[in-house]
Amino acid sequence: MTKTNSKDAVSEAKERVLLGLNPRQVEAATHVEGPLLILAGAGSGKTTVLTRRVAYIIASGWEPWSILAITFTNKAANELKTRIAALLGEQGEGVWAMTFHSFCARVLRAEFPGIGRSGRFSIADDSDQLKVMKACLKELNLSEKQYPPRGILHAISNAKDELMGPDEYAARASTFYETKVAQAYSLYKRKLLEMDALDFDDLLMETVLLFRGNPRILQKYQERFQHILVDEYQDTNRAQYELTKLLAASHRRIAVVGDDDQSIYTFRGADIRNILDFERDYPECKVVKLEQNYRSTQVILDGAFNVVKHNLERKDKRLWTSKKGGLPITVYAGQSAEDEARFVVSEIERLVGEGLPLSSCAILYRTHAQSRSFEEAFINAGVPYTVLAGFRFYERKHIRDAVSYLRLLAYPKDRLSLERVANEPPRGLGPAAIEKIVRYAQEQDVGLVDAMCSAESIKGLTRPQKKGALELGTALMEMRRAASSLPLGQLLHDTLEKTGYLEALRNEGTSESQSRLEDLSELMGSLRQYDEMENPLYSFLENCSLASDQDSYDEKKESCVMGTLHSAKGLEFEAVFLVGLEEGLLPHSRALLDERQLEEERRLMYVGMTRAKLRLYLTFAFARNGYLGPTRTRVSRFISEIPRELLEVRTWED
DNA sequence: GTTCCAATAGTTTTT
DNA sequence: CTATTGGAAC
């Protein structure tokens, strides 16, 4: 430690860091030695505590870079970074605040080369996974009807969450179906390896395996990170749990923050045992409960509590606030989805008229599909809105095409990107031709771009195919050479120009293609931020794989926010509209049969309600258009769990 | 083998 | 309502 501060200066710094915290929060921020479990209710100042804790650790003389703060979303990580910077200035620089997945990717890229594996793997997203799995099923002669690819992927994902490899899975398979899954798992893994790709679950699992199998590497990270902080601990799965356990094993300075009532990711393997086992794994751990809420009115908290208390599997606790009373919770019964949307939008306009900023209003729903009627109502009313992770920017076809072109420059074996891009624009390179190129590349042990450059010597390609492949290959080769000397935006532009992608889009001449071109220039412009980084191309691609759209959500923008209940976690608004509160939507129809899933739906409701600071609206429609005709609906059971005296009921007839 | 068009089936939540 | 699949024409 290089600090030469006197004792007084240190304690003064510590005091300043704790300014304005309540006694429980102080406990959580200052318990620096030894494990700590913080049970932080909604709106209890969790991020504040995390930030102050980091500051306190630094004020105690630790170096910033000895702190690792792990979150679930990039948004949460960025928020943490911003708040640390605001509190500490450059003193806080060097703290690692990132998601589980980016941490793992970073470790693997750094350590894989040392153990003879590629550190330049690409990261496979959902649609990549689906494609690979379909190819696997085809190869195994399994029909997609009997073996739905998504279902198989889900099973594999579960296995990986539990750190189970294909062999172990096969050994445990008891049903016929499971033996088939095991075969698919094994082949799927081989295929990913072949194209040097890892999926999201692999990132976690491979990191745990790396640490387990290489004690010296693990030791390096243990020594580097003397303090581990984990946010949203209730949402960790077994692999994530194991990872943090390994990292903290030598020094046991690990602090986790969680709230069992806000556990809404069990479908992704989140395991509530991780909170319970924490006290077992670290018997000396200190437990701090944060129950004072700084966000909502008492009425909103009472409403939310009365819903969530119906769950049997929960730790007993109850939030309280010094803000007594509050406006009643408004329940609106609409006659149709359109009527519901009309009400919500006109109510928002009324609130804005009273001086509430538009950006502090939010509409939350259970499924993405529900956004439609609200978007229409907003457009009709001329009110600006932002959809959280709706149709993700990065999931739009042309954006993915563009990214795939860049991926081909960076990842020589990225077969999926080639498949995306080879015939976009049409070059006569269909699946069969691609197969030949890939095989050639494998046989010659060269990258796909190099293979295309020697298209002349690939057997079985027709003349025009050779020409197409050669053109594409040389264009990409040229861009790859130029990659390090061009700004990233320019690189993308030139790549799309040379490969004829932009030209094809321009020639289309529809309004659709026009807006696509605009999207692409937006993308090119946004790439500027990467130019200062060490390796712009790789940094961008990494971000692209690991980032979602809500990460870039800008709360200052003057527009109403809407999104799924899941995407709303960690956010807060003056006015919240929980919409579509009907049996089958919330709780979702897929959850009705299973008590545990039903409890998760209830927690979703709880998370939604506790986003509201001042006003809470619960709305539903008596009839809703399904994909075939209008259907009558039933009001969500969760509404009836709220005491009548907290509610003010309105209908379309009022 | 590729391209294009029509029918068809499928819609939870996310890093 | 819309992404995807399967079939028929080039």
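Residue numbers begin at 1 in each chain, while the letters A, B, ... track the order of the sequences. What you see below is based on every heavy atom in this structure, not just the backbone, and it leaves out hydrogens, waters and symmetry mates.
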Run the side-chain donor-acceptor check on residues 584-594 of chain A: report pairs under 3.5 Å with partners two or more places apart or on a different chain.
unit_1   : atom_1 : unit_2   : atom_2 : d
A:His588 : ND1    : A:Arg590 : N      : 3.0
A:Asp594 : OD2    : A:Arg596 : N      : 3.1
A:Asp594 : OD2    : A:Gln597 : N      : 2.8

*Please evaluate the base of B:dT15 for a donor-acceptor partner in the side chain of A:His101 within a cut-off of under 3.5 Å?*
yes
*Look at A:Lys569 and B:dT14 and indicate whether a side-chain polar atom (N or O) is within less than 4.0 Å of OP1 or OP2.*
no
*Mind calculating the distance between CG (A:Asp126) and P (B:dT15) to the nearest angstrom?*
10 Å
*Can you name the residues that form a side-chain contact (heavy atoms from CB on, under 4.5 Å) with A:Gln146, not counting sequence neighbours?*
A:Ser143
*In whole angstrom, give me the gap between the C1' atoms of C:dT5 and B:dT12.*
23 Å
_B:dT2, OP1 or OP2 - any side-chain N/O from A:Asn423 closer than 4.0 Å?_
no
_salt bridge (Lys or Arg N to Asp or Glu O under 4.0 Å) involving A:Asp161 - partner list, sequence neighbours excluded_ = none
*On DNA chain B, nearest-nucleotide positions of A:Thr462 versus A:Thr367: which is more 5'?*
A:Thr462
*Do the side chain of A:Gln465 and the main chain of A:Thr462 share a donor and acceptor less than 3.5 angstrom apart?*
yes
*For atom CG of A:Asp199 and atom P of B:dT14, their distance in whole Å*: 18 Å
_Aromatic stack A:Phe267/B:dT13: centroid gap under 5.5 Å, interplanar angle under 30°_ = yes
_Which residue is it: A:Asp259, A:Leu364, A:Ile264? I am looking for the one with a side-chain contact (heavy atoms from CB on, under 4.5 Å) to A:Val607._
A:Ile264
*Could you check whether A:Phe100 gets within reach of a base, just the sugar-phosphate, or nothing at all, counting any heavy atom under 4.0 Å?*
nothing
_Using the side-chain heavy atoms of A:Arg372, tell me which of these nucleotides is nearest: C:dT4, C:dT2, B:dT2._
C:dT2
*Could you give the NE2-to-P distance, from A:His154 to B:dT11, as a whole number of Å?*
13 Å
*Determine, stepwise, if the pair A:Glu232 / A:Gln234 fulfils side-chain hydrogen bond (donor to acceptor under 3.5 Å, both in side chains).*
CA-CA 5 Å; A:Glu232 307 283 13; A:Gln234 75 282 351; 2.8 Å; yes
*How long is the line joining CG of A:Asp594 and P of B:dT12, in whole Å?*
16 Å
*Rounded to the nearest angstrom, tell me the gap between atom CG in A:Leu565 and atom C1' in B:dT12.*
11 Å
*B:dT14 phosphate, OP1 or OP2: any side-chain N/O from A:Thr564 under 4.0 angstrom?*
yes
*Quick one: label A:Lys134 by what it contacts on the DNA or RNA (base, sugar-phosphate, nothing), any heavy atom closer than 4.0 Å.*
sugar-phosphate
*Ring stacking, A:His588 with base of B:dT12, under 5.5 Å and under 30°?*
yes
*asked:* From the set B:dT14, B:dT12, B:dG1, return the single nucleotide nearest to any side-chain atom of A:Gln465.
replied: B:dG1
*Identify which nucleotide among B:dT11, B:dT2, B:dT15 has an atom closest to any side-chain atom of A:Pro431, counting heavy atoms from C-beta outward.*
B:dT2
_Phosphate-side-chain proximity, A:Arg366 and B:dT13, N/O vs OP1/OP2 below 4.0 Å_ = no
_ring-ring contact (aromatic ring centres under 6.0 Å, His included) contacts touching residues 134-160 of chain A (sequence neighbours left out)_ = A:Tyr147-A:Tyr177
*Looking only at side-chain atoms of A:Ala432, point me to the closest of B:dT12, B:dT15, B:dG1.*
B:dG1
*For A:Tyr606, check ring pair (Phe, Tyr, Trp, His ring centres under 6.0 Å) against everything at least two apart and list the hits.*
none
*Would you say A:His368 reaches B:dT14's phosphate, i.e. side-chain N/O to OP1/OP2 under 4.0 Å?*
yes
*Indicate, with a heavy-atom threshold strictly under 4.0 Å, whether A:Ala591 touches base, sugar-phosphate, or nothing.*
nothing
_Which nucleotide wins on minimum distance to the side chain of A:Phe200, given the candidates B:dT15, B:dT2, B:dT13?_
B:dT15
*When the distance from OH of A:Tyr606 to P of B:dT13 is rounded to whole Å, what number comes out?*
24 Å
*Anything below 3.5 Å on both distances counts as a pair; with that, list the stems of at least three consecutive Watson-Crick or G-U pairs involving DNA chain B.*
B:1-9 with C:2-10
*May I have the distance from A:Arg427 (atom CZ) to B:dT3 (atom P), rounded to whole angstrom?*
11 Å
*Output the single nucleotide from B:dT3, B:dT11, B:dT14 whose closest atom is nearest the side chain of A:Pro426.*
B:dT3
*asked:* Does B:dT12 have OP1 or OP2 under 4.0 Å away from a side-chain N or O of A:Gln370?
replied: no
*asked:* Tell me the interatomic distance from A:Arg463, atom CZ, to B:dG1, atom C1', rounded to whole angstroms.
replied: 17 Å
*Would you please indicate if the ring centroids of A:Tyr233 and A:Phe278 are separated by under 6.0 Å?*
yes
